[in-house]
2 protein chains.
Amino acid sequence: MLSKKAKYAVKALLALAERGGEEPMRIADLARQEQIPQKFLEAILLSLRNHGMLQSRKGKGGGYLLGRDPKAIYLGQIVRLFDGPLAPVPCASQTAYVRCQDCQDEATCGVRLAMKDVRDATARILDGTSLSSLRRRVERLTPARARRG
Amino acid sequence: MLSKKAKYAVKALLALAERGGEEPMRIADLARQEQIPQKFLEAILLSLRNHGMLQSRKGKGGGYLLGRDPKAIYLGQIVRLFDGPLAPVPCASQTAYVRCQDCQDEATCGVRLAMKDVRDATARILDGTSLSSLRRRVERLTPARARRG
DNA sequence: ATATACTCTAGTTATTAGATAGACTATATC
DNA sequence: GATATAGTCTATCTAATAACTAGAGTATAT
């Protein structure tokens, strides 16, 4: 399951990517636009900032903007930041391997074999999808009238 | 994350598949062999039985055995039974779709698009892996000396 | 009969997700 | 340099759930 935190983070980043440019967006506006509880969003944005995916400006005219090129922000990073490793089981994780206590012989554990496949497939997708590539996909699906309006 | 329940279920089923045949295996033996808390395992096995993946025999000489051909028991069924839909987000589920409350336009939601890909990839793996195919994979990895021993 | 072994109901405990409150700090602008 | 603006930080709170446990009940083989 994707946590709300991770989901909100992706939504917020996508919104900021869509906006683009140098104009920061206020938390309150982001929260309203994306239907996210503001105080909850604040913590999420802060965390994204502390990991370089966002930058912030205080005071009047302040707010948040992307911390780097949206081509270089991948869903995998976002999801790992909030939800931990992608693997369904710690012993199948590439980035945060942990041995299982139960498990006679890890090398021939069926659960691990299957879950490693799931992890790999998930990582291929999430580490292969950047904010900008996801934006492009969304754009292609958006009806022309909605884009004009 | 895969729950312990789902993990134990797969391990138990795999052990019973390996055993094969008509001889039932006692809960206590299964629990010891697979390092699973017995009372916890009891509930899991019962659930698997109630969904046709196992059958049971009471009394002396009783225990559990597979409810059908291991070629027809897929990881996807097991995981869904204990952990619910495979999709990381309910709006991306094929088998248990639920709309999100937040979400202006579902058709162009970036989160949903990406998570649908993850779901599809996961389903392709788990619904494509049966107990017997997984067993075969494990066997191929088992060193010859372990098989002889 | 009786021992065996599964079945069922009802807990317990610890952790975490999701959200909220409020004080604090930096900055733009007049 | 006062003041409004807007992000930053700490501390909680609550409800839900995962993981596990206890114990009485029921069916079956011998």
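All chains are named by letter (A, B, ...) in the order of the sequence lines, taking the proteins before the strands, and each is independently numbered beginning at 1. Only heavy atoms go into these numbers, but all of them, side chains included; no hydrogens, no water, no symmetry mates.
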Heavy-atom side-chain proximity of A:Arg136 to A:Leu131 below 4.5 angstrom: no

B:Arg49 side chain near C:dT7 phosphate (N/O to OP1/OP2, under 4.0 Å): yes

A:Lys11 vs A:Gln35 side-chain heavy atoms within contact, under 4.5 Å: no

Heavy-atom donor-acceptor pair, A:Gln77 side chain to A:Tyr74 backbone, under 3.5 Å: yes

Pairwise 5' ranking along DNA chain D for A:Gly62 and B:Ser3, keeping only the more 5' one: A:Gly62

Residue pair A:Leu41 / A:Leu30, side-chain heavy-atom distance below 4.5 Å: yes

Any B:Ser56 side-chain N or O less than 4.0 Å from OP1/OP2 of C:dA5: no

Euclidean distance, atom NZ of residue A:Lys4 to atom P of C:dG18 [Å, nearest integer]: 6 Å

Check: A:Thr122 side chain, A:Val118 main-chain N or O, donor-acceptor pair, under 3.5 Å: yes

Span of DNA chain D in contact with chain A (heavy atoms, under 4.0 Å): D:dT5 to D:dC9

Nearest-nucleotide comparison on DNA chain C, the residue closer to the 5′ end among A:Lys5 and A:Lys60: A:Lys5

Rounded interatomic separation in angstrom, taking CG from B:Leu54 and P from C:dT7: 10 Å

Interatomic distance, B:Tyr64 OH vs C:dA5 C1' [rounded to whole Å]: 10 Å

Side-chain donor/acceptor of B:Asp83 to backbone N/O of B:Leu2, under 3.5 Å: no

Separation of atom NZ in B:Lys58 from atom P in C:dA3, rounded to whole Å: 18 Å

Neighbour count >12 (heavy atoms, 6.0 Å) for atom NZ, B:Lys5: no

Touch class at under 4.0 angstrom, heavy-atom based, for A:Tyr8 against every strand present: sugar-phosphate

Whether B:Ser47 side chain and B:Ala43 backbone form a donor-acceptor pair below 3.5 Å: no

Proximity to DNA chain C (any heavy atom under 4.0 Å), residues of residues 25-48 of chain B only: B:Met25, B:Arg26, B:Ile27, B:Lys39, B:Glu42, B:Leu46

Exercise: identify the closest heavy-atom pair between B:Gln94 and B:Lys116: NE2-NZ, 3.7 Å

